[in-house]
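The analysis underlying the following values was restricted to heavy atoms, covering all of them including side chains, and did not include hydrogens, waters or symmetry mates. Chain naming here is simple, since letters A, B, ... match the order of the sequence lines and numbering starts at 1 in each.
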Amino acid sequence: MPELPEVETIKKDLLPFLIGKTFTTINVYWPRMALEPSFDEFCRQIPGQKVEEISRRGKYLVMHLSSGQALVFHMRMTGSLLYMQDFDSINKGIKYITAAFGLDSGAHLLFCDRRKLGTIALVDNTNKLENKLGPEPLDSNFTSEAFKSRLKARKASIKAILCDQKVIAGIGNMYADESLFTARIHPLRPAENLSEAEMEQLHQAIQEVLLRGIANAGASFSDYCRPNGEPGIQQDSFMVAHRGGEPCHVCTTPIVRIPIRNRGTYFCPNCQV
DNA sequence: CCCGGAACCTGAAGGC
DNA sequence: TGCCTTCAGGTTCCGG
């Protein structure tokens with residue numbers, strides 16, 4: 001499930017192949033994924049546009065186009081972007097293609113999504129995106145003080161708060177669990193009850209965990225893969241995420257899985273208090 | 001504003 | 001072997 005490190009990896013992998021290239025064709029096989037503007041306009045306005053820049057905001061991948069518009073991708077749970085030098089649009093055994101972009105280089109960019117929940121929007125500006133997202137956890141302005149102020153008076157569990165994109169952008173289920181393990185904080189603790197020291201530990205843990213995720217090119221537990229089709233290796237470095245029943249790396253206590261907000265949450269009941 | 005739960009999706013995994 | 005149920009989790013919407 002692509003979270004910040006996975007989307008950052010996709011961005012870095014695509015950059016050298018897409019910058020300066022122009023979309024020549026667009027085929028959308030699952031019309032509901034094209035959110036904005038109308039489906040017809042989406043298909044009409046993209047051909048002829050050059051990719052000038054690619055950025056990431058939270059879990060969103062943003063392609064800045066020559067018209068000044070932006071193409072905003074969200075992978076949700078099972079979406080991935082594949083870059084293919086010689087995709088012939090007939091059938092190469094690639095499954096779950098929901099949209100295919102042709103490029104003037106002859107290559108193709110494929111959006112593949114088993115569960116069809118991923119989305120693409122063609123927007124005039126990213127204001128709407130900015131309005132629903134909190135700060136970037138790896139930006140220099142995301143200070144420990146900024147983090148603390150966002151946890152104040154929040155009664156919900158710290159796990160739920162970490163996954164709230166308006167509090168911090170880009171953290172999802174896996175990296176929230178890893179951050180809480182690293183900071184030795186129990187996921188069910190109400191956010192407002194964390195001590196100053198715990199909030200500082202968690203602030204640092206978030207950055208460590210995300211940077212490691214990026215260095216390892218993301219975690220391929222599910223459908224996520226890099227644009228060249230290869231998996232990331234971060235899943236091998238996770239301490240608790242998706243490791244229910246396995247011994248904790250620190251104390252050997254079995255990792256526990258509980259639901260929080262209907263999300264599987266993994267933690268060490270001995271290390272995290 | 002804050003919080004929690006349902007809906008959107010469908011392949012994979014597990015039970016019988 | 002095969003049918004059936006449950007699970008997976010990011011975002012949006014809705015009700016309290």
Hey, is the side chain of A:Gln165 poking within less than 4.0 Å of OP1 or OP2 on C:dT11, counting only N and O atoms?
yes
Atom pairs, protein N/O to nucleotides 2-4 of chain B N/O, distance under 3.5 Å:
from, atom 1, to, atom 2, distance (Å)
B:dC3, OP1, A:Lys155, N, 2.4
B:dC3, OP1, A:Ala156, N, 3.0
B:dC3, OP2, A:Arg154, NE, 2.5
B:dC3, OP2, A:Arg154, NH2, 2.8
B:dG4, OP2, A:Arg261, NE, 3.0
B:dG4, OP2, A:Arg261, NH2, 2.6

Dot-bracket notation for DNA chain C is requested: 5' to 3', Watson-Crick or G-U wobble pairs only, both distances under 3.5 Å, with ( ), [ ], | and . as defined.
.|||||||.|||||||
Inter- and intrachain pairs under salt bridge (Lys or Arg N to Asp or Glu O under 4.0 Å), touching residues 41-63 of chain A, at least two apart:
A:Glu8-A:Arg56, A:Glu41-A:Arg44, A:Arg56-A:Glu136, A:Arg57-A:Glu130, A:Arg57-A:Glu136
The salt bridge (charged side-chain N to carboxylate O under 4.0 Å, His left out) partners of A:Arg150 (sequence neighbours excluded) come to none
Residues forming a salt bridge (charged side-chain N to carboxylate O under 4.0 Å, His left out) with A:Glu246, sequence neighbours excluded:
A:Arg243
Can you give each donor-acceptor pair under 3.5 Å made by side-chain atoms of residues 70-78 of chain A, sequence neighbours left out, with the distance rounded to 0.1 Å?
from, atom 1, to, atom 2, distance (Å)
A:His74, ND1, A:Arg76, N, 2.9
A:Thr78, OG1, A:Asp113, OD1, 2.6
A:Thr78, OG1, A:Arg115, N, 3.1

For residues 250-263 of chain A, tabulate all N or O donor-acceptor pairs below 3.5 Å that involve a side-chain atom, not counting sequence neighbours.
from, atom 1, to, atom 2, distance (Å)
A:Arg257, NE, A:Tyr266, OH, 3.3

Does C:dG10 have OP1 or OP2 sitting under 4.0 Å from an N or O in the side chain of A:His74?
no
Give me the residues of residues 112-130 of chain A where at least one heavy atom lies under 4.0 Å from an atom of DNA chain C, by number, or none.
A:Arg115, A:Leu117
What residues 213-233 of chain A contributes to the DNA chain B interface at heavy-atom separation below 4.0 Å is none
For nucleotides 12-16 of chain C, print each protein N/O atom paired with a nucleotide N/O atom at under 3.5 Å, atom names and distance only.
from, atom 1, to, atom 2, distance (Å)
C:dT12, OP1, A:Lys132, NZ, 2.6

Could you pull out all residues at least two apart from A:Glu230 that satisfy salt bridge (charged side-chain N to carboxylate O under 4.0 Å, His left out)?
none
Intermediate values then yes/no, side-chain hydrogen bond (donor to acceptor under 3.5 Å, both in side chains), A:Glu145 and A:Thr143
CA-CA 5 Å; A:Glu145 292 305 314; A:Thr143 59; over 6 Å; no
Would you please test A:Ser105 and A:Lys21 for side-chain hydrogen bond (donor to acceptor under 3.5 Å, both in side chains) and show each step?
CA-CA 7 Å; A:Ser105 60; A:Lys21 300 298 188 296; 5.7 Å; no
Pairs flagged by side-chain hydrogen bond (donor to acceptor under 3.5 Å, both in side chains) wherever residues 204-215 of chain A is involved - sequence neighbours left out:
A:Gln204-A:Glu208
Side-chain heavy-atom pair A:Met63, A:Phe23 within 4.5 angstrom cut-off:
yes
